[in-house]
Amino acid sequence: MPHPKRKILVTSALPYANGAIHIGHLVEYIQTDIWVRYQRLCGHQVVYVCGDDAHGTPIMLRARKEGLSPEDFIGRMNLEHQRDFARFDIAFDSYYSTHSTENQALCVHIYEILRKNGHIVTRDVEQFFDPMEQIFLPDRFIRGTCPNCKAPDQYGDSCEICGKHYQPTDLINPRSAVSGAIPVRKTSRHFFLRLEHFRQQLQNLLQTRFVDESVANKLREWFTTELKDWDISRDAPFFGFAIPDEADKYFYNWLDAPIGYLASLAHYLAAPAEDAIQFWQNDDLEVHHFIGKDIVYFHALFWPAMLFGAGLRPPTKLAVHGHLTVNAEKMSKSRGTFISALQYARYLDPQWLRYYFATRLTTAPSDLDLSFEDFTARVNSELVGKLANLISRAAPMLNRLLNGETGVPVVDALPLLEQLRQAKPEIAQAFEERNFAGATRQICSLADKANKFVEDNAPWVLVKTDAQAARGVLTAALEAGRILTIYLKAIVPQFARSVEQCLNIAPLEWQHIEDSMPAHKINAFVHLATRVDDKAVQSLIQENMMSEPTAVTPPSVIPPTPSTATSSSSNPSPAGPGSVEPLAPTCTIEQFAAVDLRVARVISAEDLPGSDKLLKLQLDAGALGHRVVLAGIKKAIALDQLPGRLVIFCANLAPRKMKLGTSEGMVLASGPGGTEVFLLSVDSRATPGQRVH
RNA sequence: CCGAGGGUAGCUCAGCGGUUAGAGCAGGGGACUCAUAAUCUCCGGGUCGUGGGUUCGAAUCCCACCCCUCGGACCA
């Protein structure tokens, strides 16, 4: 009524077609779906599209491992994903795939324009190459010893033990995760999008309501330096779209992933790609992308840049959410908290998760925690104890004592009902802003009042003396339940459906808040929501701990973060230069002498909680005294093997303040890092403090 | 070290310049028995991270510091 109908295109990030949907992913899809359902409830025109991000080397390799063609593999994943989403009532209008003819047409179309307009350049890039497999290796497919903490078998982009990020070229003893071969450097021509061309437009975009202020602050940092060209090409063999007029060149899947939103739209429209573009360009259309904070870069820079370059409008809004932790820790297989959507649904009700996430989601892109204790408490006390209870006490009573017929709410109930209705704008605003925590808080508080009303008027007593009055009380209670259900409908649609059935009313819409139920006969009560059984929660976690990490083939590329789209092989910077420990430039004897290497004896080694890679070593350097050195060897060398041992360390290295203390030197070691670290030692007769020449 | 966000009752959080600081959950007492042992009621419980400042008045604004989380830099 008051506001005109909005036209809104909504997307959730495209999950990578390489693994199952897990509860971390679900934060985003549930958040998006609640928002979408709310908008629809208000009568707005919403198209909600998504699909699998189906391209890339990880998928190609994974398919091969399973003995499938990539097409068959992603087809299977797509079905699995759709099945999982359906269980959680994610109401996509179109769930498609980046591997589609529409997407290919769109990618080529946009690329051609970018090229024509001079936004594409080519440049030679040197990269790791697997000589056995004859493929270029994404960072994640190079494993080696972490150069920082010397943990062995770490990914090429970052170390899981110490958390350090680096270039694959920094790895000690790098190996191809595909074949085990030693990667070699190889040069190839790559295509780049000149991001700098779009600096002004991108910055202007930040002046709009494109992102919330806290995110905008962060984004502005990117503009303090030159925007680097973005590498959009990959070499054959690659599972993706070929770049036109080029032999053996493919589009990087992060190029076709966001374009996949358009492709999914085309699929929804059942129309050719041009129609999707036309739809997109509609002046009245709002475009909202829901994404995790890990992929802001792609959606705030690359994607708008592509659109600008192609003469298309940018998105209206990025709705950024944080990551999920479970019981206050990162999801962990060993703790049983790495839970797939499927596993969750086997033990627990998806409605509960929708409700619980809603109570935790705010506008801010901060991480949210799924504490199972809190989860159980809140679902039981709020969703079941307050909300469901209101109807489950009133409806059966009306059926049993008063023939199931509602009447007119008693006069005493009018202030309550008025209050319920007056909450509308505030709750609406909370939904609009994605402040679902605020919305549920208000809804619960209203439910408290409604329950109190029932309590105060005791219809079960009243019915003995004044049936009509009792009917009026129960009618009011059900009316209150009906209004609350409208408020809740976007969050727990199945709950709402049950209420509608029970109250024998048409599907509820937001505008029905103002209405009153006419006197009518209600249906038999149906159970609205069961309580969470703590045992089921325990079973779920137990089973998860037991279940072997199957389905994950060696180069496990299941994104460790909950959010989505192309988390693997997603190093945003252009394919970095580097090499397999190339020989350093020649140095003079003076330069060499500048480095003062000394013998030292390890006095003690202690763990540094908070660092995955570093150990704190106390060194006895003889006349030089004692030194504290933080060495990245935790993964490689057991604590008890260190004390007493002679090592070589650089004694005149400038002290370095690190996160967990200051390091007064550097212990020398070889090896790729991670668990492959080999300390240099000297013959046993060397004494601490001696210089190495 | 830089940036962002946060530190308010045992727990999760609301309040973000104005009367004695709130809610839910948990704990304790009571009421009720219509309801999925639900609901209602009462109680205990906080020097609102620390120290300064602005103000008639600060949890709320400013400055410094401490701690946590998340990015980034550095370590490499």
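Just so it is clear: chains get the letters A, B, ... in the order the sequence lines come, proteins before strands, and each one is counted from 1.
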Item to check | Separation of atom CG in A:D369 from atom C1' in B:C70, rounded to whole Å | outcome: 14 Å

Next on the checklist: Using a heavy-atom cut-off of 4.0 Å across all strands, would you classify A:R441 as base, sugar-phosphate, or nothing?
Outcome noted: sugar-phosphate

Checklist entry - How about A:Q442 and A:Y487: does a side-chain donor come under 3.5 Å of a side-chain acceptor? => result no

Checklist entry - More 5' along RNA chain B: A:E382 or A:A388, using each one's nearest nucleotide? => result A:E382

Next on the checklist: Looking at B:C34, I'd like to know if its phosphate oxygens (OP1 or OP2) sit under 4.0 Å from a side-chain N or O belonging to A:R400.
Outcome noted: no

Checklist outcome for this item: Taking B:C25, B:A35, B:C34 as options, the one with an atom nearest any side-chain atom of A:W460 is B:C34

Item to check | Inter-nucleotide C1' distance (B:A58, B:C63), Å rounded | outcome: 15 Å

Between the protein and nucleotides 2-5 of chain B, which nitrogen or oxygen pairs are less than 3.5 angstrom apart?
residue	atom	partner	partner atom	Å
B:G3	O2'	A:E221	OE2	2.6

Next on the checklist: Would you measure the distance from the P atom in B:C1 across to the matching atom in B:G53 and give it in whole Å?
Outcome noted: 26 Å

Next on the checklist: Between B:A14 and B:C34, how many Å separate the two P atoms, rounded to a whole number?
Outcome noted: 39 Å

Next on the checklist: Listing request: all side-chain hydrogen bond (donor to acceptor under 3.5 Å, both in side chains) pairs with a residue in residues 425-437 of chain A, at least two apart in sequence or in separate chains.
Outcome noted: A:R6-A:E432, A:Q39-A:E432, A:D212-A:R434, A:Q429-A:E433

Item to check | Worked verdict on A:V410 versus A:F453 for side-chain contact (heavy atoms from CB on, under 4.5 Å) | outcome: CA-CA 11 Å; A:V410 284; A:F453 165 80; 3.9 Å; yes

Next on the checklist: Over 60° means perpendicular and under 30° means parallel, so tell me whether A:H25 and A:H22 are parallel, tilted or perpendicular.
Outcome noted: tilted

Checklist entry - Expressed in whole Å, how much space separates the C1' atoms belonging to B:U8 and B:C48? => result 4 Å

Checklist entry - Looking only at atom C1', what distance separates B:C67 and B:C32, rounded to whole Å? => result 47 Å

Next on the checklist: Does A:E373, at its CD atom, have more than 12 non-hydrogen atoms belonging to other residues, nucleotides or ligands within less than 6.0 Å?
Outcome noted: no

Next on the checklist: Checking side-chain polar atoms at under 3.5 Å, does A:R354 have a donor or acceptor matched by the opposite partner on A:Q351?
Outcome noted: no

Checklist outcome for this item: Whole-Å distance, A:L402 CG to B:A35 C1', equals 16 Å

Next on the checklist: What I want to find out is whether A:R497 reaches A:E500 closely enough, with some N-O distance under 4.0 Å, to be called a salt bridge.
Outcome noted: no

Item to check | Distance, C1' atom - from B:C66 to B:G57, rounded to whole angstrom | outcome: 28 Å

Item to check | Value in whole Å for how far the P atom of B:A35 lies from CG of A:L390 | outcome: 14 Å

Checklist outcome for this item: Rounded to whole Å, CG of A:N457 lies from C1' of B:U33 at a distance of 16 Å

Next on the checklist: Work out how far the C1' atom of B:G18 is from that of B:C61, and round it to whole angstrom.
Outcome noted: 14 Å

Checklist entry - Can you find a pair of side-chain heavy atoms, one from A:L387 and one from A:Y355, that are under 4.5 Å apart? => result yes

Checklist entry - A:H323 on top of B:C70's base, within under 5.5 Å and under 30°? => result no

Next on the checklist: Once side-chain hydrogen bond (donor to acceptor under 3.5 Å, both in side chains) is applied, do any residues pair with A:N523, and if so which ones, sequence neighbours excluded?
Outcome noted: none

Checklist entry - Where each pair must be Watson-Crick or G-U wobble with both distances under 3.5 Å, what dot-bracket representation of RNA chain B is obtained, with crossing pairs in [ ] and other-strand partners as |? => result ((((((((.[[[[.)..(...]]]].(((((.......))))).....[[[[[..)....]]]]])))))))....

Item to check | Length of the line joining A:L370:CG and B:U12:C1', which is rounded to integer Å | outcome: 13 Å

Item to check | CA sep, side-chain torsions, deciding dist, call: A:H323, A:T325, side-chain contact (heavy atoms from CB on, under 4.5 Å) | outcome: CA-CA 7 Å; A:H323 293 165; A:T325 55; over 6 Å; no

Checklist entry - Side chain of A:E479, backbone of A:M517: donor and acceptor closer than 3.5 Å? => result yes

Checklist entry - So what does A:A437 hit on the nucleic acid, given a heavy-atom distance under 4.0 Å: a base, only sugar-phosphate, or nothing? => result nothing

Checklist entry - Among B:A35, B:G24, B:C25, which is the nearest nucleotide to the side chain of A:A377? => result B:C25

Next on the checklist: In whole Å, I'd like the distance from the CG atom of A:L383 to the C1' atom of B:A38.
Outcome noted: 13 Å

Checklist outcome for this item: Out of B:U36, B:C70, B:C34, minimum distance to the side chain of A:K293 belongs to B:C70

Checklist entry - Do the side-chain N or O atoms of A:R360 get closer than 4.0 angstrom to the phosphate oxygens (OP1, OP2) of B:C13? => result yes

Checklist entry - Can you give one letter per nucleotide of nucleotides 39-46 of chain B, going 5' to 3': B for a protein heavy atom under 4.0 Å from the base, S for sugar-phosphate only, - for none? => result BSS-----

Next on the checklist: Whole angstroms only, please: what is the CG-C1' distance between A:D374 and B:C13?
Outcome noted: 10 Å

Checklist entry - Between the side chain of A:E28 and the main-chain N/O of A:G292, is any donor-acceptor distance below 3.5 Å? => result yes

Next on the checklist: In this structure, how many angstroms lie between the C1' atom of B:A23 and the CG atom of A:L446, rounded?
Outcome noted: 13 Å

Next on the checklist: If I pick the C1' atom on B:G44 and the same atom on B:G29, what distance separates them, to the nearest angstrom?
Outcome noted: 10 Å

Item to check | Trace of the side-chain contact (heavy atoms from CB on, under 4.5 Å) decision for A:T465 with A:L462 | outcome: CA-CA 6 Å; A:T465 56; A:L462 199 57; 4.2 Å; yes

Item to check | Where at least one partner belongs to residues 447-459 of chain A, residue pairs that pass salt bridge (charged side-chain N to carboxylate O under 4.0 Å, His left out), sequence neighbours excluded | outcome: A:K386-A:D448, A:R393-A:E455, A:K452-A:D456

